[in-house]
Participant: 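Sharing a structure here in structure tokens format.
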Amino acid sequence: MSEILEYVDPVEGFTGWLVYDRASARMAAGGCRMQPGLTAQTLSSLAARMTLKQRVLGISVDGAKCGLDYDPAAPGSKAAMERFLAFLREQLLTRFSMGCDMGTRFDELDAAARRLGIPSIKYAVKRAQGLSDDEFFARFRLLDAPVGTLTLGERRAGHAVAHAALAAARAAGLTGEVSCSLQGFGNLGRAAAYTLAEEGAVFGAVADQFGCVARPDGSALDIKAMLATRNGLRASDVAPEVTILPADAVFTQPCDVLVLAAAENAMTPEQAAELPASVVVVGANNGLSEPVERALHERGVLVVPDFIGGIGGSASMEALFGPERIGTPRHTLDLVAAMMHELTGQLISTSRLENTLVREVAERQATQETAAEAAGARAYGNSPLLARALSVV
């Protein structure tokens with residue numbers, strides 16, 4: 001049974017909401033979105049998706065989502081968000097573990113919370129895990145530690161997308177060098193590309209809202225050089241010697257794996273009918289509609305749905321706070337990778353045996369998962385996937 005807390009801004013009159021999908025665990029987790037036209041209905045759908053992510057992993061956390069019907073580019077956006085966080089103060093201290101989402105940044109949200117005397121937007125984890133302040137912050141601060149040229153916090157979500165892609169590629173029978181196309185060159189897309197490149201994958205096309213870049217001769221982009229630039233630049237500004245195509249041309253570029261790390265409902269049925277890829281991995285929330293997923297499945301294209309590909313935030317918190325001992329940032333990423341390979345491989349194997357969508361198998365597994373229903377259980381440390389990852393990493 002969902003619970004909705006509504007906020008009406010006393011200064012400008014806009015509306016915001018915090019939606020809890022249910023109340024079966026000590027804590028709920030989800031991102032904070034700032035988007036013009038945002039509704040409580042949209043947040044309710046996203047909160048339910050967050051519950052699916054937790055349940056599939058076997059984590060004792062409920063899904064939640066919050067946000068404001070407000071333009072993040074407006075001059076008053078930072079002050080507006082700070083007033084909303086003040087409204088959420090008690091929830092952040094006791095029950096709601098917040099992350100970032102569309103139109104927000106984790107570092108800005110956390111800094112705004114500290115200005116209000118809230119130690120962190122993740123502070124509810126301390127209570128749910130039964131930790132002291134010192135124990136909580138010793139683990140939480142690992143998110144700021146570098147792993148390569150990015151921090152653990154910057155890498156964790158994209159790292160999961162990347163390893164879901166690699167696991168799916170191997171399950172699809174692809175051997176050797178994996179060729180990728182990427183839709184989305186923001187935080188998630190860049191982090192996914194970083195790990196994929198680290199693992200030896202190559203990129204033939206990268207698209208953002210401004211266009212799609214590819215080389216005229218079809219050779220691989222210099223993705224490492226592109227990632228060495230600062231975040232926020234257009235892909236076309238950081239990719240030399242390329243052809244700039246319309247953004248949706250990314251769906252026409254041949255590749256082994258297409259990674260969707262940007263928009264909702266990214267692909268039309270017509271594009272799905274012609275897609276020259278063996279695997280599609282969805283990292284963005286609601287990145288594909290169910291009819292498009294089904295159309296791809298019927299063509300023999302393997303699809304990893306958004307609440308699996310986009311599970312990295314939840315998986316990384318389990319890897320960070322679940323183990324008895326504090327690990328290193330690299331060890332945390334290695335645990336996420338091991339969890340993603342086992343989960344993705346198991347779901348694909350079952351879907352093939354049953355000739356069903358990976359989504360349908362994952363949804364059924366989520367409803368069967370009972371660990372997360374234990375209201376008295378600590379939030380993190382209950383996932384069977386983590387237990388097995390710890391045994392091999």
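Nothing fancy with the numbering, it's 1 onward along the sequence.
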Participant: Pick out which of Asp133, Asp110, Thr94 makes a side chain to side chain donor-acceptor pair (under 3.5 Å) with Tyr123.
Facilitator: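 Looking at Asp133, Asp110, Thr94, the match for Tyr123 under the side chain to side chain donor-acceptor pair (under 3.5 Å) is Asp133.
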
Participant: My understanding is that only one of Val206, Val238, Leu182 makes a side chain to side chain contact (heavy atoms under 4.5 Å, CB included) with Leu221; could you say which?
Facilitator: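 One option only clears the test, and that one is Val206.
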
Participant: Minimum heavy-atom separation for Tyr70 and Met34, please, with both atom names.
Facilitator: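 Shortest heavy-atom separation between Tyr70 and Met34 comes out as O-CG, 3.2 Å.
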
Participant: Between Arg139 and Glu324, does at least one N-O distance fall below 4.0 Å, as a salt bridge requires?
Facilitator: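 Judged by the 4.0 Å cut-off on N to carboxylate O distance, Arg139 and Glu324 do not form a salt bridge.
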
Participant: Verify whether one side chain among Lys122 and Ser97 offers a donor that lies under 3.5 Å from an acceptor in the other.
Facilitator: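 Yes - a donor-acceptor pair under 3.5 Å links their side chains.
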
Participant: For the residue pair Ala389 and Met339, what are the closest heavy atoms and their distance?
Facilitator: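 The answer is CB-CG, 3.9 Å.
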
Participant: Show your reasoning for whether side chain to side chain contact (heavy atoms under 4.5 Å, CB included) applies to Leu258 and Cys180.
Facilitator: CA-CA 6 Å; Leu258 170 64; Cys180 301; over 6 Å; no

Participant: Return the minimal non-hydrogen interatomic distance between Ile311 and Lys53, and the atom names on each side.
Facilitator: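 It is CD1-O, 3.4 Å.
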
Participant: Just checking, Arg155 and Tyr194: is the charged tip under 6.0 Å from the six-membered ring centre and within 45° of the axis?
Facilitator: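 Not satisfied by the 6.0 Å and 45° rule.
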
Participant: Test side chain to side chain donor-acceptor pair (under 3.5 Å) on Thr39 and Asp69 and set out the steps.
Facilitator: CA-CA 7 Å; Thr39 65; Asp69 175 9; over 6 Å; no

Participant: In sequence, state the C-alpha distance, the side-chain angles, and the governing distance for Asn265 and Asn286, and then conclude on side chain to side chain donor-acceptor pair (under 3.5 Å).
Facilitator: CA-CA 6 Å; Asn265 298 319; Asn286 300 317; over 6 Å; no

Participant: Within 45° of the ring axis of Phe210 and under 6.0 Å from its six-membered ring centre, is that where the NZ or CZ of Arg234 lies?
Facilitator: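 The answer is yes, since Arg234 meets both limits relative to Phe210.
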
Participant: Determine, step by step, whether Gln54 and Ser314 satisfy the side chain to side chain donor-acceptor pair (under 3.5 Å) criterion, reporting the C-alpha distance in whole Å, the side-chain angles of both residues, the deciding distance to 0.1 Å, and the verdict.
Facilitator: CA-CA 7 Å; Gln54 315 290 354; Ser314 301; 3.2 Å; yes

Participant: I'd like to know if the side chain of Ser60 pairs up with that of Asn382 as donor and acceptor (distance under 3.5 Å, no hydrogens or angles considered).
Facilitator: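 Distance-only check passes for Ser60 and Asn382.
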
Participant: Give a yes-or-no answer on whether the side chains of Ser179 and Asp256 include a donor-acceptor pair shorter than 3.5 Å.
Facilitator: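 There is such a pair (donor and acceptor under 3.5 Å, judged by atom type) between the side chains of Ser179 and Asp256.
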
Participant: Less than 4.0 Å between a side-chain N and a carboxylate O, is that true for Arg83 and Glu12?
Facilitator: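 Salt bridge: yes.
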
Participant: Walk me through whether Lys78 and Glu82 qualify under salt bridge (Lys or Arg N to Asp or Glu O under 4.0 Å).
Facilitator: CA-CA 6 Å; Lys78 288 183 170 55; Glu82 197 157 321; over 6 Å; no

Participant: Are there more than 12 heavy atoms of other residues, nucleotides or ligands under 6.0 Å from atom CD of Glu241?
Facilitator: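 At most 12 heavy atoms, drawn from other residues, nucleotides or ligands, come within 6.0 Å of this atom.
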
Participant: Evaluate the side-chain proximity of Arg352 to Ile348: yes if any heavy-atom separation is below 4.5 Å, no if none is.
Facilitator: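 Yes; the side chains approach each other to less than 4.5 Å.
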
Participant: Please report the closest heavy-atom contact between Gly103 and Pro72, naming both atoms and the distance.
Facilitator: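 In this case the closest contact between Gly103 and Pro72 is O-CB, 3.6 Å.
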
Participant: Of the non-hydrogen atoms in Ala138 and Ile326, which two are nearest, and what is the gap between them?
Facilitator: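 Nearest pair, atom of Ala138 first, then Ile326: CB-CD1, 3.7 Å.
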
Participant: So, taking the atom named CD1 in Ile59 and the one named OG1 in Thr51, what distance separates them when rounded to the nearest 0.5 Å?
Facilitator: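 Output value for this atom pair is 11.5 Å.
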
Participant: Around atom CD of Glu264, are there more than 12 heavy atoms of other residues, nucleotides or ligands at under 6.0 Å?
Facilitator: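 Result for CD/Glu264: enclosed.
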
Participant: Quick check: does any side chain N or O of Arg378 sit under 3.5 Å from a backbone N or O of Gly130, one acting as donor and the other as acceptor?
Facilitator: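 No; zero donor-acceptor contacts below 3.5 Å.
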
Participant: Checking Lys65 against Leu18 for the side chain to side chain contact (heavy atoms under 4.5 Å, CB included) test, could you report, in this order, the C-alpha distance in whole Å, the side-chain angles of both residues, the deciding distance, and whether it holds?
Facilitator: CA-CA 6 Å; Lys65 212 75 173 182; Leu18 167 60; over 6 Å; no

Participant: Hey, does the side chain of Thr252 reach the backbone of Ala249 with a donor-acceptor pair shorter than 3.5 angstrom?
Facilitator: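 Side chain of Thr252 to backbone of Ala249: a pair is present.
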
Participant: Measure the shortest side-chain to side-chain distance between Leu302 and Ser278 over non-hydrogen atoms and say whether it is less than 4.5 angstrom.
Facilitator: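 Result no, sub-4.5 Å side-chain heavy-atom pair not found.
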
Participant: Identify the heavy atoms of Ser316 and Val336 that sit nearest to each other, and give their distance.
Facilitator: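 Shortest heavy-atom contact: CA-CG2, 3.6 Å.
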
Participant: Between Glu198 and Lys224, does any side-chain N to carboxylate O distance fall below 4.0 Å?
Facilitator: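 Salt bridge absent between Glu198 and Lys224.
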
Participant: For Arg364, is there an ion pair with Glu354 - N to carboxylate O distance below 4.0 angstrom?
Facilitator: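 Looking at Arg364 together with Glu354, the answer is yes, because their closest N to O distance falls below 4.0 Å.
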
Participant: When you compare the side chain of Ile118 with that of Arg89, does any pair of heavy atoms fall below 4.5 Å?
Facilitator: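 Heavy-atom side-chain distance check passes, below 4.5 Å.
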
Participant: For side chain to side chain contact (heavy atoms under 4.5 Å, CB included), just list the numbers for Arg156 and Leu143, CA-CA rounded to whole Å, side-chain angles, deciding distance to a tenth of an Å, and then say yes or no.
Facilitator: CA-CA 9 Å; Arg156 59 189 183 130; Leu143 292 173; 3.9 Å; yes

Participant: Side chains of Ser24 and Asp62: donor-acceptor distance under 3.5 Å anywhere?
Facilitator: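 A donor-acceptor contact under 3.5 Å links the two side chains.
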
Participant: Apply ring pair (Phe, Tyr, Trp, His ring centres under 6.0 Å) to the pair Phe136 and Phe321, showing each step before the final yes or no.
Facilitator: CA-CA 8 Å; Phe136 167 73; Phe321 284 97; 5.8 Å; yes

Participant: Mind running side chain to side chain contact (heavy atoms under 4.5 Å, CB included) on Arg170 and Val178 for me, showing each step along the way?
Facilitator: CA-CA 9 Å; Arg170 298 309 175 216; Val178 176; 3.6 Å; yes

Participant: In terms of side-chain geometry, is the basic nitrogen of Arg294 or Glu298 positioned less than 4.0 Å from the acidic oxygen of its partner?
Facilitator: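 Salt bridge between Arg294 and Glu298, a charged N being under 4.0 Å from a carboxylate O: no.
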
Participant: Working to the nearest 0.5 angstrom, can you tell me the gap between Leu46 CG and Asp101 CG?
Facilitator: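 It comes to 6.5 Å.
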
Participant: Looking at residues at least two apart in the chain, or sitting in another chain, which of them share a side chain to side chain donor-acceptor pair (under 3.5 Å) with Glu135?
Facilitator: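 Side chain to side chain donor-acceptor pair (under 3.5 Å) list for Glu135, sorted by chain: Ser132.
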
Participant: Would you compute the distance between atom CZ of Phe106 and atom CG of Asp144 and round it to the nearest 0.5 angstrom?
Facilitator: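 It is 8.0 Å, given to the nearest 0.5 Å.
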
Participant: More than 12 non-hydrogen atoms from neighbouring residues, nucleotides or ligands closer than 6.0 Å to CZ on Arg215, yes or no?
Facilitator: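 Yes.
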
